[in-house]
Amino acid sequence: MILPLSYYQNEDVVFLARDLLGKSLITNIGGTITRAVIAETEAYAGEIDKASHAYGGRRTNRTEVMFRAGGVSYVYLCYGMHNLFNIVTGPEGIPHAILIRGIILEDGIESARNRTGKNLQKGQLIEGPGNTTKTLGITREHNGLLLTGDTLWLEDNGIVIAPENIVVSKRIGVDYAGDDAHLPYRFQIKNNTLK
DNA sequence: GCCTGGATCCAT
DNA sequence: TGGATCCAGGCC
């Protein structure tokens, strides 16, 4: 089942970051379908989160998409070379976002191999947000897309991750965020607990 | 306009 | 541990 827009408009971005584990993420790039299961996420709590691009209500060309109603993509360039894919959540005007940091590759293996130059296997864990977008073919051209469209979308295929199989920790690479750097907003599926 | 540094990755 | 690589955002 394709996740409906109402799913993304939940105001609890931390709940959603956890709930997205096990959901399927699918891209259709030039007619080529690649399918993966979300294995790692981080929540960014908008205006009140020093790690968020929208901290303090910062509204710029880049962050504008974060203020849209939940259910669109936010893709930006990091370190001059990596496209990072986020899911915008919450009601319009609330700039919540969830960074997708890892996936389990399920289908479209051949195209994923071509894009990464790696000998990827079905069921393989792809670690890191830059590697995730590279595997799926997501670039900044896919910024601001509705996640119910035909290019980039999510599905609930009934995979449920038990609480004891979810690892919670602080976020990566946000030391600049002061106290907020320690928030337990990173969620991962524990190794080998996905059939 | 210029300058700084970043929600990374990989080889060394 | 550092180099690649480039643009957003802050400050002048």
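Reminder, nothing fancy here: chain letters follow the sequence lines and each chain counts from 1. As a basis for the values below, the full set of heavy atoms in this structure was taken, side chains included, without hydrogen atoms, waters or symmetry mates.
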Report the distance from atom CG of A/Leu20 to atom CD of A/Glu40, rounding to the nearest 0.5 Å. 13.0 Å

So how far is it from A/Thr139 OG1 to A/Ile29 CD1, rounded to the nearest 0.5 Å? 7.5 Å

When rounded to the nearest 0.5 Å, the distance separating OG1 of A/Thr132 from CZ of A/Phe85 is 10.0 Å

Using a cut-off of strictly less than 4.0 Å, decide whether A/Arg58 has a side-chain nitrogen or oxygen near OP1 or OP2 of C/dG10. yes

At what distance, to the nearest 0.5 angstrom, does NZ of A/Lys23 lie from CD1 of A/Ile38? 8.5 Å

Which heavy atom of A/Ile166 sits nearest to which heavy atom of A/Ile161, and what is that distance? CG1-CG2, 3.6 Å

A/Glu40 has an atom CD; how far is it from atom P of B/dA7, in whole Å? 16 Å

On a whole-Å scale, what distance lies between the P atoms belonging to C/dG2 and B/dG5? 16 Å

Which pair of non-hydrogen atoms, one from A/Arg68 and one from A/Gly144, has the smallest distance, and what is that distance? NH1-O, 3.4 Å

Test item: A/Thr135 and A/Lys118 side chains (from C-beta on) under 4.5 Å apart, heavy atoms: no

Expressed in angstrom and rounded to an integer, what is the separation of A/Ile87 atom CD1 from B/dA7 atom C1'? 15 Å

Nearest 0.5 Å, what's the OH-OG distance between A/Tyr185 and A/Ser169? 13.5 Å

Can you see which heavy atom on A/Tyr176 is nearest to which on A/Lys50, and at what distance? CE1-O, 3.8 Å

So, for A/Ile138 and A/Asn83, which heavy atoms are closest and what is the spacing to 0.1 Å? O-CB, 3.8 Å

Per-residue pairing states of DNA chain C in dot-bracket (Watson-Crick or G-U under 3.5 Å; . unpaired, | other strand) read ||||.||||||.

Go through the N and O atoms of the side chain of A/His53 and the base of B/dA7, and report whether any donor-acceptor pair is under 3.5 Å. yes

Report yes if the ring of A/Tyr176 lies under 5.5 Å from the six-membered base ring of B/dG6 with planes under 30°, and no otherwise. no

Given B/dA7, is OP1 or OP2 found less than 4.0 Å from the side-chain N or O atoms of A/Tyr185? no

Mind checking A/Leu84 for me? I need base, sugar-phosphate or nothing, with any heavy atom below 4.0 Å counting as a touch. sugar-phosphate

Please name the pair of heavy atoms, one in A/Arg35 and one in A/Asn157, separated by the smallest distance, quoted to 0.1 Å. NH1-ND2, 3.7 Å

Near DNA chain C, under 4.0 Å by heavy atom, which residues of residues 60-83 of chain A? A/Thr60, A/Arg62, A/Thr63, A/Leu77, A/Tyr79, A/Gly80, A/Met81

Using heavy atoms and a sub-4.0 Å distance, could you list which residues of residues 124-143 of chain A are near DNA chain C? By number, please. A/Arg140

